[in-house]
Amino acid sequence: MKPGGATEPPSGTANPDRAPDLPDLERIPIEEHIVEIVSDSGEGAQKAGQSFGTLSAKMGNGVWTVEIIPAEIQPPQRSRAGASGIRIRLGSGKVTNMGDTADLVVAFNEQVLYSRIEQGALRQGTLVLLENKWATSNMPEIREAWVRARADFERAGLDVREVPMETECLKLTDNPFRGKNMWVLGLLCHLYQRDLEKAEDQIRTIFRRKGDQVIDLNLKLLRAGTTWARTHLGFYYDLPTRMSDQPLVVMNGNEAVGLGAMASGMEVCSMYPITPATSVSHYLSEVFRDAGGVVHQAEDEIAAIGFAIGCSYAGKTAFTVTSGPGLALKDEFIGLAVMAEVPLVVVVVQRGGPSTGLPTKVEQSDLLSALYAQPGDPPKIILAPATIEECFHFMITARQLAELTRGPVIVLTDANLATGVQPYPRPQFKREWLAPPIDQSPWKPGVPAYDWDPETGFSQRPIPGQKDGMYVLTGLAHDEGSHVAYDPETHERGCNRRSRKVAAFQSTLKSPKVHGEGAGDLLLVGWGSTMGAIEEAVDKARKRGARVSSLHLRILSPFEPGLREIFGGFKKVMTIELNYSDSLADPYITPGNRRYAQLAWLLRAKTLVDVDCFSVVHGHPLQPAMILEVIEGELARLHGQPGRRLETAAPLATGKDPSCLA
Amino acid sequence: MKPGGATEPPSGTANPDRAPDLPDLERIPIEEHIVEIVSDSGEGAQKAGQSFGTLSAKMGNGVWTVEIIPAEIQPPQRSRAGASGIRIRLGSGKVTNMGDTADLVVAFNEQVLYSRIEQGALRQGTLVLLENKWATSNMPEIREAWVRARADFERAGLDVREVPMETECLKLTDNPFRGKNMWVLGLLCHLYQRDLEKAEDQIRTIFRRKGDQVIDLNLKLLRAGTTWARTHLGFYYDLPTRMSDQPLVVMNGNEAVGLGAMASGMEVCSMYPITPATSVSHYLSEVFRDAGGVVHQAEDEIAAIGFAIGCSYAGKTAFTVTSGPGLALKDEFIGLAVMAEVPLVVVVVQRGGPSTGLPTKVEQSDLLSALYAQPGDPPKIILAPATIEECFHFMITARQLAELTRGPVIVLTDANLATGVQPYPRPQFKREWLAPPIDQSPWKPGVPAYDWDPETGFSQRPIPGQKDGMYVLTGLAHDEGSHVAYDPETHERGCNRRSRKVAAFQSTLKSPKVHGEGAGDLLLVGWGSTMGAIEEAVDKARKRGARVSSLHLRILSPFEPGLREIFGGFKKVMTIELNYSDSLADPYITPGNRRYAQLAWLLRAKTLVDVDCFSVVHGHPLQPAMILEVIEGELARLHGQPGRRLETAAPLATGKDPSCLA
Amino acid sequence: MFGLMPNCRLDLKKPYYCMADYQGAEARWCPGCGDHAVLATVQRLCRDKQLPPEKTVFVSGIGCSSRFPHYMRTYGFHGLHGRALPVAAGIRMRRPDLHVFVVMGDGDCCSIGTAHWVHTIRYNMKMVVMLFDNEIYGLTKGQTSPTSRAGTRSSTHPSGSVLPGLNPLPITLGVTNVSFVAQTVDWNPAHMMATLDAAYEHPGFAFIRIIQRCPHFAKGLHEELLANPDRTLYLDHKQGITLPDEVARMYKNRARHDPSDLIAALTHAMRTDVIPIGLFFQDRSRTRYDVYGAANINTPPERKEAMLNRELDRFAV
Amino acid sequence: MFGLMPNCRLDLKKPYYCMADYQGAEARWCPGCGDHAVLATVQRLCRDKQLPPEKTVFVSGIGCSSRFPHYMRTYGFHGLHGRALPVAAGIRMRRPDLHVFVVMGDGDCCSIGTAHWVHTIRYNMKMVVMLFDNEIYGLTKGQTSPTSRAGTRSSTHPSGSVLPGLNPLPITLGVTNVSFVAQTVDWNPAHMMATLDAAYEHPGFAFIRIIQRCPHFAKGLHEELLANPDRTLYLDHKQGITLPDEVARMYKNRARHDPSDLIAALTHAMRTDVIPIGLFFQDRSRTRYDVYGAANINTPPERKEAMLNRELDRFAV
Ligand SMILES: Cc1ncc(C[n+]2csc(CCOP(=O)(O)OP(=O)(O)O)c2C)c(N)n1
Ligand SMILES: Cc1ncc(C[n+]2csc(CCOP(=O)(O)OP(=O)(O)O)c2C)c(N)n1
Ligand code: SF4
Ligand code: SF4
Ligand SMILES: [Mg+2]
Ligand SMILES: [Mg+2]
């Protein structure tokens, strides 16, 4: 058994409609590019970027977008902490992660650009298109800041070109604060030779509820941006596109979870708001009712899961969606769902922890908690999608597994999947995805409510309404008939049957496939949203001759079989994770007391192989360059060279050097 | 560093005041004995047994008592499910566990005796003193049941003697239902030659609030029981006593936790009722106010821990006490306590799980949950007392560690410790146990609220009221000054400092001591309340020449050092635990997918040694005989003999054979 | 299950459920526990209403009273302490065909379950909700409950509890969208039956506080109430809970109380001189969340497919 | 910290705290957010009462409003969503010397925090408790709150919420042992100041609902209230919250309301035609749990030792 219907990268044909030659302009051929748009919050950089991403996907490029989220709802303008925006990585082939440093940045003011430099998002030579209205501000401190910044940027090696965004927009609108983003979209359309008609359609869709006047204005701004760029920039990029044979869809991971829930036949999403999980329910709130479902916003996380369990018990398997702090509140009910065998899907969109932690940032630090939080160690299934496509398909799988094993299935995604946007093959709806209608035929008299198959532990469950199926569900120790019983045999048997279900499911699984060769020096093991970055780094390293491979786990409880055998093919195995681990370089830390990254710890117990780990809690998605450095360091060490251990990759001067970036 | 002030078994001198010879009676010399008193709920068997245990301790015997708790509050009378009572194990030396099968049972009716047989508490030849009023009941079904039972018991090999308890008590009281227990105490006083004066004192203490009339009656009943036994039983046991040099106290583990809390200088116990934890607060509710403390019964478990954290934040480090289901609700706050560095003691009295599970029964199945439940994997300290004495001392250690490491310390006890009663050396109060008064001197200006020592991560905390110490505690990622900060460096640093505190504490620990020899064939590893039973089994096996040793862990996070080295001295290492593990004999279970017992799993990850496990979830404490069988089976396998794996030891016919025990 | 209907007309087509059809395991409450009486009355209600046992669900938390579902022969959900209501709401949400009953203790409902108590009143989903208020924690052996009156000696307050007991009625009545609030006592089966009947017929969330005796841990608590009928105030109204005259006559102390008058209901609810029994408040017209929740339960698979495709089109590139 | 007192008498011995002594980090709420006004007023209250910053603790949950403590220069506890009150109660329990203030949002207090809200009212421990009711979830970007009025379009109810908004006042007033309940609006600093003053002086749990504007997610919600002074009902009484005449004059719509009359308070609280501001209810004599809790805080170590020894004697064999 393999979860979901995730597919191979789409094959396709190169697009014959290449952009017309523009003989007066320099043509810069590229294979891929990383573009960022950064602005103050509220200036619409994200909307422009999402449109640009979707447009690019429509034209046949690989795309991955990541939002740049400010810490505050309404941060002060022109502040580093307030940088709001988006990164769009484009490629002629499939793109699976945010990549490393940006090739091009469009910045609405110089302060938000500082923030990107501090975050290590830029490199020497990054082309920056910078709004220049600040140079002539009537506030002297702004003019001074501008001058200082221009010098800083030059020293840092950025290729800054000033762009009169405001001035140009003012020709069309009194309020460029609201329109600038579409002008920028136009500019990018020229630079990457995007199909203007498609762009115009895009604008019509975005503003469809705002009326013709708004649409017209934005169309004008778009075209103005294009024209200005063609006249003033003197070059364009030539990025080959490749139209997919298959129809594609493009969305973020939370939308994919929501759509997957709809496709799975579940009819109830019961939740309590929490970042970054809530947008699953925002999306569903718009469409679910028409599709026969309902979103219940409960009074708290406990009520949310209790409500979902009530639905499930009554035959309508439901799901709840949350993030770390909310997960902590659901544990008692998850334990009940295992003990009393109620199917249930729990989606956990991981954010930075512990505690309230980093609400908007990505981490993979809830694995141990998802697995072990419930007192009494109740066995359950945990899935972790690695791509946005899998976010869709795993929801269907999760519902099916929940019903099959009569228990909870936890789906672990994270903030990177939640807000990242990527095209993937449009799912072909299958009627069997939908849950069957509630069984209301009479229950066979005499068959107990937990008629455990002695081999598998599986059993069919009576649904209220079924004649003769009456039983009283309980979280106390109980026998087959759901009667409370405290004798040793009954409790041992119950624990055993519930555990066996997971083992029976495990026995249907195949070994996961190694990316790269099946043997070599180093094996990187990952899970969740980091797959794209890890595999890209592995591919790059392999091209340079490194004997490195990677393995990505999608089922974290029970583990897929054959891990120990796979590990045996490599000199060293290490996980790459977004959670905390002690560094051996730190005081007091020894191999004997080190706290390992979470998957590494589990794999050690499981395989007894000395699985090492590289993990960071820096709050942003993993980037291939950082992993590549880890690979090279490890290989150097394996080959007897000193090799350094990196904590973070440091592209461009980071904000730490005050002389450069005061 | 070694937690608590647990001491070695008290040395002592043999008691010169031996009981006078009773030449007319048979003297049966014994070294130890297991006595049970079983009755319907409400007949006072537990009170009689506790008095007998205390009395025996006072006379210089080793004692261990375990309550036999019915599943219902007021179960039907004369029912197997309703058996309520107590087991008292007595020895001339120290007694550390409930032992195996009973030597003597006093049963108030024949149905409750069935229940003890079903539980495997008796053996061939167990002497049963059985109330015989049922033989002449005016209800024919009772008379019939009696006759059937007498035959069953005979067939099962019990040595049953009928005792006219009711008849004898009726000579002194109209309501023998309330008095029989003291008559039985009298009977036991004769049988074990207990000091009658001490017994009378005991009665005066128990009934001190009930008035002279009640005391008088019960004294008469006591004496009548003694007289009857001396006249009718024809024998007595001669159990050497050995008065301790040191003064001793005798209490159960929950009382010890409560006393330890008082001695630790904590002033607030904030809780929500839950079995088997609540009696800690029952005890404290009686005495804490006079000792400067207060018990707060909160509206739920979340509020209970929140309240404790509020107290701690304000300088009065507090504790909360709960069991599994309540622990699940406290996880979010425990995570906050780690993240924001608030000292806190969390006592978890483990019961059977998962979910509501087995509320009154013992299990050790909350270890993984205590360690990993909080999203974001926050580091913390977990202690597990192995004896009732340690329940006292670990509370003091826990408070000190909580303050030292500025974070939560979890103390894991269980239902066996909670209700078990054992004498131990009276603690000598040390003034330094008490928490120092709240520091209200001015905070040094400029020193941040988290002035992490870069080596150890330790820091001193400002307490509200300290001038210039003002800071805003937060569970969000924060810098030294407790300012919210989402940048990578700050969060990495915070995670690192919090982890380092635990490593720094770990570096002060010594290797745990092996019980038995440091090398051999088999090492059993245990934790918590099972120590007595494991060590007794190991001692017995070693006497038979087996090369087996045991290791008992008291600190479960971080682990004490040197485990891997210790394990290296043995051919096989296995844990003995009261929690669930898959059996390799079960369908689908392979070494690759087996779910291990909880400590075993952790030790595998920690040491990469192939640690095996033997674990059961049968709801009662481990008994030496079962462990002895495990040892022998393992040694046989190690030495190439087939060896069988036992799930449970089966003394006497269990209730499963209906022909025997219909 | 096929029994004789009380009017002695035999109808072999239609099953007739008799008392035994609702009786589950033997009740294991203490002798004299008020819960026994409620159980018998609820079984009678089910019989009188001829509720198909398989269409009936009893949901509870954890506590003595929460063992109730085991003693019924219907579907049951004996869940977590304090969490009966979210589960019941979930069951109700997509299953308008089921009869949902909820049983909670005072600790269950008014302490750990407070948030759900308040919010489920607001949701106003059709179900009969019984608060078994014995003013004590029974199952865990006698700790103070929020509803324990001041000075109660309990295992957590051996020298008497500190705070005045929480009166659950004014809170219940104070929740926006409340629609039915009644009170009865375990020792008056006729009144309890009439109250349950009214609750069952109520189109929404019908909340009944049952003053319940716990002879084990709160012995004699209601002795005065039982001994002195004047301590009980019988709320009387044609829109309220009406009793056969011979029962009503027991209560000399009567008050006309119009259950549509919320302020008057609050006034009665707050009285401490007497214990009012009867219907405090009812409004049949309040918004029902279960009606909203179940509106689209019959969406055919074709429509689901169509919607999914429409959405995929929206996301198509 | 040493500043000029308003009456211009210099007292160099006694520190005089001025506004700046209470100002923490720069407030990061949206422009126009009602929270700014509350912050300024609370800082004024601290200054007027000359609260030593180190003796003052602001406790909050999670939400926009819960960032409040960061903007004060006192001790603060920015804890978990919904859990401000248990923490505040714990702080209060053994520290009668501290001034405790609590800040909660409507989701924080009336949704996830409901159980603590109800029970901490009952505990009646001295603290000033502010519910910032903007009828929306601000920090998480605009989901429906229990207090959102029916039909509110939010990110979880894009076509309008289903249930009537929960009015927090009747519940608050319905809790046994309630002792102080008031309401004010963020846009009337004089009234807010007077309300805070009364709350601060109240010997018990002083609960204030502040009707708060959220221009970001609930734009224009209170426009009518602001535009039409007749929609506000000013509760006037010499025992209530009194305003300088020039401010009081703004409210043509006044009602005499005796804050000792709980039923009248409930009646006002339930009105929907107008929004009453002022003091609904006050009773200075209710049982205080913090008085009980702190009674023995000064137990000397000798006594602790003696007690421990007494207990060990009891257990001695
Ligand atoms: C999360 C959790 N906390 C605590 C308990 C322990 N517990 C079980 S029942 C109960 C209270 C019982 O009192 P009440 O609700 O009044 O019901 P009663 O027994 O009086 O009918 C408690 C505290 C539990 N099972 N789960
Ligand atoms: C346990 C938990 N659940 C959910 C959240 C997410 N969350 C943060 S603030 C908030 C609600 C904010 O609304 P409100 O309390 O009204 O405060 P406001 O922002 O409007 O001031 C939520 C749901 C959380 N942090 N923790
Ligand atoms: S303890 Fe009280 S509530 Fe529980 S069964 Fe006994 S009498 Fe009833
Ligand atoms: S979102 Fe609303 S409540 Fe939050 S800061 Fe902005 S205006 Fe204030
Ligand atoms: Mg109760
Ligand atoms: Mg709000």
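Because the structure is a prediction, the values reported are computed rather than measured.
For B:Tyr588 and A:Arg500, the side-chain atoms include no donor-acceptor pair closer than 3.5 Å.
Using a 4.5 Å cut-off between heavy atoms, A:Thr456 touches chain B through backbone and side chain atoms alike. For a residue to count as touching a neighbouring chain, one of its non-hydrogen atoms must lie under 4.5 Å from one of that chain's; by this rule B:Ile334 does not touch chain A. Only the side chain of A:Gln598 comes within contact range of chain B, with at least one heavy atom under 4.5 Å from a heavy atom of that chain. Using a 4.5 Å cut-off between heavy atoms, B:Pro558 does not touch chain A at all. With a threshold of 4.5 angstrom between heavy atoms, A:Arg564 does not approach chain B through any atom at all. For A:Asp610, the parts sitting under 4.5 Å from any heavy atom of chain B are the backbone and the side chain alike. For a residue to count as touching a neighbouring chain, one of its non-hydrogen atoms must lie under 4.5 Å from one of that chain's; by this rule B:Ser323 does not touch chain A. With a threshold of 4.5 angstrom between heavy atoms, B:Arg498 approaches chain A through side-chain atoms but not through N, CA, C or O. Contacts between B:Ala485 and chain A at a heavy-atom distance below 4.5 Å involve the backbone alone (N, CA, C, O). If you measure heavy-atom distances from A:Leu371 to chain B, you find no contacts under 4.5 Å at all. If you measure heavy-atom distances from A:Pro379 to chain B, the contacts under 4.5 Å come from both the backbone and the side chain.
Ranked by heavy-atom pairs under 4.5 Å with chain A, the list B:Asp586, B:Ile589, B:Leu367 is led by B:Asp586. Contact count versus chain A (heavy atoms, under 4.5 Å) is highest, among B:Ala504, B:Gly494, B:Ser365, B:Gly376, for B:Gly376.
Salt bridge status for A:Arg604 with A:Asp612: absent, with no side-chain N to carboxylate O gap under 4.0 Å.
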* To do: Tell me, with the steps shown, if B:Ser369 and B:Leu327 meet side chain to side chain contact (heavy atoms under 4.5 Å, CB included).
  => CA-CA 8 Å; B:Ser369 168; B:Leu327 175 61; 3.8 Å; yes

